[in-house]
Every structure is written in structure tokens, then in C-alpha cells.
Participant: 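Take this structure, written in C-alpha cells, and hold onto it; I'll ask about it next.
Computed from a predicted structure; not experimentally measured.
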Amino acid sequence: MELDGLLKRLPDNVLGVFTVAPFSYAVEDAGPDVARVCMVNVSAKLTPLAELVHDRGHVVGMVCRDNWKSTPADRKRRWRAESEAILVEAAEAGRLNSSPDRT
């Protein structure tokens, strides 16, 4: 799945997408200092996997949803790292819900 084309098909609150083979994931802005990691299916529907608490994009905590708690730790670390990169970039661009520049 080509990521730029995928991002255009997702809701406006999606800040970015990444792939951890063979799956694609999206990072949604879910409110002040909260983001959500979602799996993206082939029809561009989002399945929430985890909530992230962040401080201007820097992840300070992650909680997986019940059905995803048994996900291997290395994959969760990858979700967190990829999501933080997307969130930091969005914070610097003023695109986060908690950004003072956002209108």
C-alpha cells in the first residue's frame, strides 16, 4: 500500500501513517495530548490498537486496547517510535489538537 495515497483516503484527524511489515498503521489526533495508533485495513478503515499520551509530540505513555495487549513488545516499541516521529513533526507544524497555533 502506497502511504501517501493512503493518507489522502483517511480522516482529517490522521496525522501520519507508517508500515511495520506487513501492516499499515495510522496515528490519529485524539484530543489534547492524546493520540491513537490504529491498524489500517485494505478498505482504509481504522481499527484502534493503542492510546498514546504525549507532551508536544513526545510520547510519555502508551496503553494497548484489550485485544492488543498480547502484541509482542518489539512491535509495540516500533509503534511507539514511529508514532512519536509523526507526532513530533505534527507538533512542530502546529497540527496537533493541543498546539497553541491550531485554530
Side-chain angles (χ1 to χ4, degrees):
M1 211 180 299
E2 195 257 306
L3 294 182
D4 285 335
L6 174 62
L7 187 57
K8 292 175 186 170
R9 296 182 358 205
L10 296 174
D12 290 340
N13 69 328
V14 172
L15 301 167
V17 293
F18 63 94
T19 299
V20 178
F23 303 108
S24 294
Y25 301 91
V27 179
E28 285 185 291
D29 191 358
D33 305 321
V34 179
R36 187 174 299 116
V37 179
C38 299
M39 185 181 302
V40 183
N41 72 16
V42 294
S43 61
K45 300 293 183 204
L46 303 177
T47 300
L49 307 177
E51 268 64 48
L52 301 165
V53 176
H54 64 87
D55 179 19
R56 292 180 300 256
H58 297 282
V59 176
V60 295
M62 182 173 97
V63 177
C64 287
R65 299 245 173 145
D66 286 341
N67 292 340
W68 300 96
K69 288 185 179 185
S70 63
T71 301
D74 62 326
R75 184 165 298 161
K76 288 187 223 180
R77 280 191 296 273
R78 187 77 186 276
W79 292 349
R80 184 178 174 138
E82 297 280 355
S83 297
E84 184 167 25
I86 290 168
L87 288 167
V88 166
E89 184 179 311
E92 290 171 352
R95 295 186 301 127
L96 291 180
N97 207 349
S98 57
S99 296
D101 301 345
R102 187 170 175 148
T103 55

Participant: Start with the C-alpha gap between His54 and Val88, add the side-chain angles, then the distance that decides, and say whether side-chain contact (heavy atoms from CB on, under 4.5 Å) holds.
Facilitator: CA-CA 9 Å; His54 64 87; Val88 166; over 6 Å; no

Participant: Assign the ring pair Trp79 / Trp68 to parallel, tilted or perpendicular, where the plane angle (0 to 90°) is split at 30° and 60°.
Facilitator: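 Perpendicular, since the angle between the ring planes exceeds 60°.
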
Participant: Tell me whether Val20 is reachable from Leu87 by hopping between hydrophobic residues (I, L, V, M, F, W, Y) whose side-chain heavy atoms are closer than 4.5 Å.
Facilitator: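 Same cluster: Leu87 reaches Val20 through Ile, Leu, Val, Met, Phe, Trp or Tyr contacts under 4.5 Å.
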
Participant: Looking only at atom types and distance, does a side-chain atom of Lys76 sit under 3.5 Å from a main-chain N or O of Lys69, one as donor and one as acceptor?
Facilitator: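 At least one qualifying donor-acceptor pair exists.
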
Participant: Output a table of donor-acceptor pairs, distance under 3.5 Å, between side-chain atoms of residues 43-52 and any protein atom two or more places apart or on a different chain; print 'none' if there are none.
Facilitator:
from: Ser43; atom 1: OG; to: Asn41; atom 2: OD1; distance (Å): 3.0
from: Glu51; atom 1: OE1; to: Arg65; atom 2: NE; distance (Å): 3.1
from: Glu51; atom 1: OE2; to: Arg36; atom 2: NE; distance (Å): 2.9
from: Glu51; atom 1: OE2; to: Arg65; atom 2: NH2; distance (Å): 2.9

Participant: Do you reckon Phe18 sits in the same ILVMFWY cluster as Met39, going by side-chain contacts under 4.5 Å, direct or chained?
Facilitator: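 Yes.
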
Participant: Should we count CG of Asn67 as having more than 12 external heavy atoms under 6.0 Å?
Facilitator: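 Atom CG in Asn67 is not crowded, with 12 or fewer foreign heavy atoms closer than 6.0 Å.
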
Participant: Less than 4.0 Å between a side-chain N and a carboxylate O, is that true for Glu82 and Arg78?
Facilitator: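 Salt bridge present between Arg78 and Glu82.
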
Participant: Between Val27 and Val17, is any pair of side-chain heavy atoms under 4.5 Å apart?
Facilitator: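 The answer is no; the side chains never approach within 4.5 Å.
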
Participant: For residues Val40 and Tyr25, report the shortest heavy-atom separation together with the two atoms involved.
Facilitator: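 In terms of heavy atoms, the two residues are closest at CG2-C, 3.9 Å.
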
Participant: I'd like to know if the side chain of Glu28 reaches the main chain of Val14, judged simply by a donor and an acceptor atom lying under 3.5 Å from each other, with no hydrogens or angles considered.
Facilitator: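 Not confirmed, Glu28 side chain does not pair with Val14 backbone.
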
Participant: Minimum heavy-atom separation for Gly57 and Ala91, please, with both atom names.
Facilitator: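 Looks like N-CB, 4.2 Å.
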
Participant: Evaluate side-chain contact (heavy atoms from CB on, under 4.5 Å) for Leu96 paired with Leu15, printing each intermediate quantity in order.
Facilitator: CA-CA 8 Å; Leu96 291 180; Leu15 301 167; 3.4 Å; yes

